[in-house]
Amino acid sequence: MLYRFSGRARRIASGWARAAVVGCSLSAAGYARAEPLTYDQAQSLANSDAPIVRARTLDVEAAEASAEAAGRLPDPRLKFGLNGFPVSGPASGRFDGVMMTNVQIGLQQDVPSRARRRAERDIAEADIGVARAREEIVRWQVRTATGQAWIELYYAEQRLKLLEEVLSNLDPLWDSAPAGLASGAGRPAQILGPVELRASLEDRRDALRIALARARAELSRWTGDPAPTTIGSPPVIDLEPEDVDVDLSGLPTVRAYDAFERRAEAELDLARAGRRPDWAFEVSYARRDPMFGDLVSLGASVRLPLFQDTRQAPIIAARGAAARRVGAEGEAAEREWAAKLLTDIAEYEAARTQWIRARDVVLPNLRTRADLETASYAADRAGILEILDAFTALADGRLDVLDKEAEVARRAVLFTLTYGSDQ
């Protein structure tokens with residue numbers, strides 16, 4: 001059937017085509033600009049370029065700047081007004097009619113208690129500690145995410161490269177299968193088997209291309225590289241977890257509770273400072289009619305915390321409970337990480353065992369099978385389908401070994417970056 005498109009539809013299609021060409025060109029340019037990244041280079045880029053790291057660094061700077069003003073006396077108050085101005089009687093409306101009429105200007109300075117100002121300074125210092133703890137957590141998380149992203153991209157590239165090699169090596173066998181069946185070496189229906197195997201591997205190649213794009217996007221997220229690729233070798237993946245110096249109390253997410261607890265204790269001290277009286281001092285100058293003379297006034301006022309049981313005590317109790325809650329949350333976090341550590345060790349060791357078994361037992365067996373089938377084919381004791389099946393199984397075994405190696409590498413990097421002593 002012939003379809004005809006209107007002029008407007010052709011213009012739209014042409015526009016989309018041009019956009020696609022431009023997009024491909026930009027993508028190609030991005031790939032051309034990108035340089036391959038080693039594992040360490042990716043980590044360095046993420047540590048310096050990740051926006052979330054910069055944001056947490058600015059939080060620290062903001063807390064440090066705010067601490068400069070903490071615990072200082074509040075700004076003085078300028079007071080001015082008209083006092084004793086008559087509005088009724090014989091002197092109504094006259095500034096000079098009454099001796100008490102004056103224009104007053106003065107200063108008032110509030111002076112919080114020393115305990116309150118010390119608690120405010122402690123809170124500001126604790127805020128700096130909290131900001132630094134959160135920055136450390138983010139850097140730790142970015143480091144871990146970047147390491148895993150690099151590993152995912154590295155093995156996605158290796159998987160795709162291996163699969164392309166496998167497909168190239170199997171092409172001659174697949175092309176020979178129809179001829180072998182035509183010679184009477186097998187049943188006609190068996191020709192469908194190689195077609196299904198080939199389609200399955202090509203589907204796997206498509207999935208690997210998607211995985212490669214996803215891994216590249218994830219690494220780009222952390223490093224800022226528009227189209228990253230990997231170079232070099234991954235970190236050591238065959239490790240012994242018991243040899244890693246693990247200090248759960250030193251993990252950033254656990255250590256942060258020390259800063260949180262100091263902040264809560266400072267809040268408790270501020271609540272306790274509410275029991276202390278706060279002062280205010282005032283000096284003023286009053287201008288009157290010259291016949292009466294000017295006035296100078298001095299004064300002081302004090303806040304009296306007389307009803308502490310119903311005012312200060314409940315606030316102190318609330319802040320005390322909050323401080324104890326933070327301590328309990330810190331203990332819960334350490335227990336959670338202790339349980340996670342045991343799980344991560346078990347999962348890593350299981351993944352490593354499966355990888356070693358696939359590499360040292362299954363794959364050599366598949367190679368031997370392929371060699372035996374080749375020898376049988378040469379001796380006319382096996383057909384092309386047996387050869388094709390053996391080499392397809394060998395290719396699948398090689399891919400499976402690489403998949404298991406990638407899983408071991410991912411868990412090893414995760415374990416090392418999470419629990420390593422350098423943290």
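The residues of the chain are indexed from 1 along the displayed sequence. Computed from a prediction, not measured in an experiment: that's the story for all the values here.
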Engineer: Output side-chain donor-acceptor pairs under 3.5 Å for residues 61-74, partner residues at least two apart or in another chain, one line each.
Structural biologist:
residue	atom	partner	partner atom	Å
Glu64	OE2	Arg132	NH2	2.7
Ser66	OG	Ala62	O	3.0
Arg72	NE	Glu68	O	2.6
Arg72	NH2	Glu68	O	3.4

Engineer: Is there a donor in the side chain of Thr57 and an acceptor in the side chain of Glu135, or the other way round, less than 3.5 Å apart?
Structural biologist: yes
Engineer: Are any of the side-chain heavy atoms of Asp110 and Trp279 separated by less than 4.5 Å?
Structural biologist: no
Engineer: Roughly how far apart are Leu82 CG and Asn102 CG, rounded to 0.5 Å?
Structural biologist: 7.5 Å
Engineer: Start with the C-alpha distance between Tyr257 and Glu329, add both sets of side-chain angles, then the distance that settles side-chain hydrogen bond (donor to acceptor under 3.5 Å, both in side chains), and finish with yes or no.
Structural biologist: CA-CA 8 Å; Tyr257 280 97; Glu329 288 176 347; 4.7 Å; no
Engineer: Would you say CZ of Arg276 has more than 12 non-hydrogen atoms from neighbouring residues, nucleotides or ligands within 6.0 angstrom?
Structural biologist: no
Engineer: Between Arg209 and Glu164, does any side-chain N to carboxylate O distance fall below 4.0 Å?
Structural biologist: yes
Engineer: Between the side chain of Arg303 and the main-chain N/O of Gly274, is any donor-acceptor distance below 3.5 Å?
Structural biologist: yes
Engineer: Given 3.5 Å as the limit, does a donor-acceptor pair link the side chain of Ser284 with the main chain of Ile105, or not?
Structural biologist: no
Engineer: Checking Asn47 now: which residues fulfil side-chain hydrogen bond (donor to acceptor under 3.5 Å, both in side chains) with it, not counting sequence neighbours?
Structural biologist: Arg139
Engineer: Measure the CD1-CG distance between Ile345 and Leu341 for me, rounded to the nearest 0.5 Å.
Structural biologist: 4.0 Å
Engineer: For Lys340, which residues count as a side-chain hydrogen bond (donor to acceptor under 3.5 Å, both in side chains) partner, sequence neighbours excluded?
Structural biologist: Asp344
Engineer: Return yes if a side-chain donor-acceptor contact under 3.5 Å exists between Trp150 and Thr230, otherwise no.
Structural biologist: no
Engineer: Does anything in residues 306-321 form a salt bridge (Lys or Arg N to Asp or Glu O under 4.0 Å)? List the pairs, not counting sequence neighbours.
Structural biologist: Glu267-Arg319
Engineer: How about Pro252 and Val138: do any of their side-chain heavy atoms sit closer than 4.5 Å?
Structural biologist: no
Engineer: Identify the heavy atoms of Ser249 and Asp247 that sit nearest to each other, and give their distance.
Structural biologist: OG-OD1, 2.7 Å
Engineer: Which salt bridge (Lys or Arg N to Asp or Glu O under 4.0 Å) pairs, counting each pair once, include a residue from residues 345-357, with sequence neighbours left out?
Structural biologist: Asp238-Arg352, Glu240-Arg352, Glu347-Arg411
Engineer: Considering residues at least two apart in sequence or located in another chain, which fulfil the side chain to side chain contact (heavy atoms under 4.5 Å, CB included) criterion with Leu304?
Structural biologist: Val302, Leu306
